[in-house]
Amino acid sequence: MNDASSSINKPDECDRREYTLRFGPILNHNGSVQFLNRSIGKELTVGLNIVDQEFQYRVQAEFPAIVADLVDLAVAIHASERLAPQNLSEKSRHLHIVLPVRHPELLSAEPFRSKLEDLLEWTTGSEWAFEFQKRTVSGRIVERQQILPMVPEGCEVALWSGGLDALAGLYTRMKMYPERPFVLFGSGSNDSTYARQKQVAKKVQSIFPNRCHLVLAPIRLNDSREVPKNKITRARGVVFTLLGAACAYLLGRRILSVYENGIGAINLPYRASAVGLDHSRSVHPLTLLMVSEVVSELFGEKFQVKNLFLFSTKAEMCQALATDGKSDLASLTISCDSPHRKPEQPTQCGYCSSCILRKQALAAAKIEDKSRYILPHGERPSEDPSLMFRHMLAQLSTFRRLLSTSNEIEIRWEALRRKFPELDDIVDRASEVEGLSPVNMQSRLIRLYWTYVSEWDIVEALVAGDLLATDNKQQISHKKSLYKVERQRYD
């Protein structure tokens, strides 16, 4: 194991990095995957299991085999992405996946396989090829159980990360629909994440008794401590939504809800040098559209993954918490891109893009941020913590300039799309799914970015205080004074 794992870390001189992952049947216990790094000829075996017993919470007595195959597919994508090293500056990673499933004829058929491989290339920047074989062992425990339906009709099924957007979105939806039950689905492979998901869900349940239920399906990689893991998990959103789609389908729903602010979901580049997968596409509108198409093709009926807050800023999502005096709930959540695990340090860094956007949103929503961050509550990092903040300000300057060109929607949109061409793709491909005309969707996206700029204009000085270097204290003090004046005008 030591020799194999150390070999995987060695730089590869080939133009093409090739990995083959041969999965055994996906099981609750004693499952495994053989991982072959073909570029250096090294192979190892890693344990792999899913804890999916909570899928017994469903409306059908029998567990559909095609749903079990979808679960297996998501687990295989997760393990492959974690085990196969990736460098975003290299576009030559190729993954060959061999996976036993119950219906290989359906997963091997076109256009399902092409849609799946296109989705993964879009989200990860790598080439994926799947070989589906016939599964010959019996199903997992939950598949062998027949149950009585135990789900209330008309529930809303939503992805549940336990983050600030998930909390704010859920709270807003529960206030909007006081009679509606909610089922929250969480997954991943990190125990601290699960603990956070449970903690935040439990708090919401105490506010809205008997109205929401949490379903968790952890994925476990075993015997892999000495195997280096790929930290650039661009397929994480795909895995999450595929498993969430399985959960929704089992509950009799054909829509899976996502609660994510539009700025973070679209995730436009902060700087001119950023390309492609420098930015995650986990819940990008086109990613959700492509996942919807993949699931619909497999199930043979229409299924939709829908972001209900695509046209809202993070601050707007948090407004319901502020209005109801539930601001303290925000401090239960984590937003950091790379949460820290050292016990003497806060979990959140305070200077990544997600932490900065969190600070901005809470300030704009007039919510006191009681979260603890490494900056300013821990040891100041050796690298410049203001770098991402400056990139975000540069992007804001671009938005402000483009949106100030005219008051006419057509001219504003033309300015935006020239700078950010992917906005055109979003409108062209997703407007019909959103139930909007292209012009109406353009208008709503313009409003989204203008609102975002306006929020920053008010709170920039407050957010800047912790991020700018100490030799700018006088400048920071001046900005905070301006912030107080602006805040009075805002109030």
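The basis for the numbers below is simple: all heavy atoms, side chains too, and nothing from hydrogens, waters or symmetry mates.
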Return a table of donor-acceptor pairs under 3.5 angstrom between the side chains of residues 164-171 and protein atoms on other chains or two or more places apart.
{"from": "Asp165", "atom 1": "OD1", "to": "Lys314", "atom 2": "NZ", "distance (Å)": "2.5"}
{"from": "Asp165", "atom 1": "OD2", "to": "Asn261", "atom 2": "N", "distance (Å)": "2.8"}
{"from": "Asp165", "atom 1": "OD2", "to": "Asn261", "atom 2": "ND2", "distance (Å)": "2.7"}
{"from": "Tyr171", "atom 1": "OH", "to": "Asp324", "atom 2": "OD2", "distance (Å)": "2.6"}

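When every heavy atom of Val200 is checked against every heavy atom of Gly162, the shortest pair comes out as CG2-O, 3.8 Å.
Judged purely by distance below 3.5 Å, without hydrogens or angles, the side chains of Ser454 and Asp457 never pair a donor atom with an acceptor atom. Ser161 and Gln197 form no side-chain donor-acceptor contact under 3.5 Å, judged by distance and modelled atom types alone. With no hydrogens or angles considered, no side-chain donor-acceptor pair links Tyr449 and Arg412 at under 3.5 Å.
Atom CD of residue Glu293 and atom NZ of residue Lys115 lie 4.5 Å apart, to the nearest 0.5 angstrom.
Although no hydrogens or angles enter the test, the distance criterion places no donor-acceptor pair under 3.5 Å between the side chain of Thr233 and the main chain of Ala235.
Between Val291 and Val295 the shortest side-chain heavy-atom distance falls below 4.5 Å. Looking only at side-chain heavy atoms (C-beta outward), Ser404 and Trp450 come within less than 4.5 Å of each other. At least one side-chain heavy atom of Ile219 sits less than 4.5 Å from a side-chain heavy atom of Ser187.
Using bins of under 30°, 30° to 60° and over 60° for the plane-to-plane angle, the ring pair Phe420/Phe399 lands in the tilted bin. The aromatic rings of Trp456 and Tyr452 lie perpendicular to each other, with more than 60° between the two planes, well past the 30° mark.
For the pair Lys359 and Tyr373, the cation-pi criterion (under 6.0 Å, within 45° of the ring axis) is fulfilled. Judged by a 6.0 Å distance limit and a 45° cone about the ring axis, Arg58 is not positioned over the six-membered ring of Phe63.
For the side chain to side chain contact (heavy atoms under 4.5 Å, CB included) test with Arg82, the passing option among Leu48, Val239, Leu221 is Leu221; the others fail.
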